[in-house]
Amino acid sequence: MSMFMVRLLPEDADSLDHPAVVGCRDLLERMTAAYGCTLKTFAIDHGVIFFSVDGEKMTEDLLEIFSEILPTAPTIVPDEKAFSDEMSKVLREARRQ
């Protein structure tokens, strides 16, 4: 399973009901269906999207897309513990700003 943490939305996108968040989740669900995999988790915190997918090809393609459109490369972690630790670190830093 691949886990992603990317700032894709404005900070005011902080609810699963926010239209931009709903659109992002819908896009990810359509993508996973097209890749024949599953969106395993999805969360939002002040514009930072946290999600995981269980498709290797989709992971490769997302990494390529994100590295082209984002100012910093996506964070890649080896397991759920590292993902949780990194997510907590990012959230703490974001809340300090």
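All values derive from a computational prediction rather than experimental measurement.
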Participant: Would you check if the side chain of S84 reaches a backbone N or O of K81 as a donor-acceptor pair within less than 3.5 Å?
Facilitator: no
Participant: Less than 3.5 Å apart, which donor and acceptor atoms pair up between the side chains of residues 51-59 and the rest of the protein, not counting sequence neighbours?
Facilitator:
from: S52; atom 1: OG; to: T41; atom 2: N; distance (Å): 3.2
from: S52; atom 1: OG; to: T41; atom 2: OG1; distance (Å): 2.6
from: D54; atom 1: OD1; to: T38; atom 2: N; distance (Å): 2.6
from: K57; atom 1: NZ; to: D61; atom 2: OD1; distance (Å): 3.0
from: T59; atom 1: OG1; to: S2; atom 2: OG; distance (Å): 2.7
from: T59; atom 1: OG1; to: G55; atom 2: O; distance (Å): 2.8

Participant: Do the side chains of V22 and I49 join up, straight or via other hydrophobic residues, at under 4.5 Å, putting them in one cluster?
Facilitator: no
Participant: Go through the structure and list residues passing ring-ring contact (aromatic ring centres under 6.0 Å, His included) with Y35, not counting sequence neighbours.
Facilitator: none
Participant: Charged N to carboxylate O below 4.0 Å: is that the case for K89 and D85?
Facilitator: no
Participant: Nearest 0.5 angstrom please: D45 CG to E11 CD, how far?
Facilitator: 9.5 Å
Participant: Mind running side chain to side chain contact (heavy atoms under 4.5 Å, CB included) on L70 and L8 for me, showing each step along the way?
Facilitator: CA-CA 8 Å; L70 298 174; L8 291 177; 4.1 Å; yes
Participant: Treating R7 as the side-chain partner and H46 as the backbone partner, does any N or O pair qualify as donor plus acceptor under 3.5 Å?
Facilitator: yes
Participant: What's the spacing between F42 CZ and F50 CZ if we round to 0.5 Å?
Facilitator: 10.5 Å
Participant: If I take atom CG from residue L62 and atom OG1 from residue T32, how far apart are they, to the nearest 0.5 angstrom?
Facilitator: 10.0 Å
Participant: Quick one: closest heavy-atom pair of I44 and A13, and the distance?
Facilitator: CG1-O, 3.2 Å
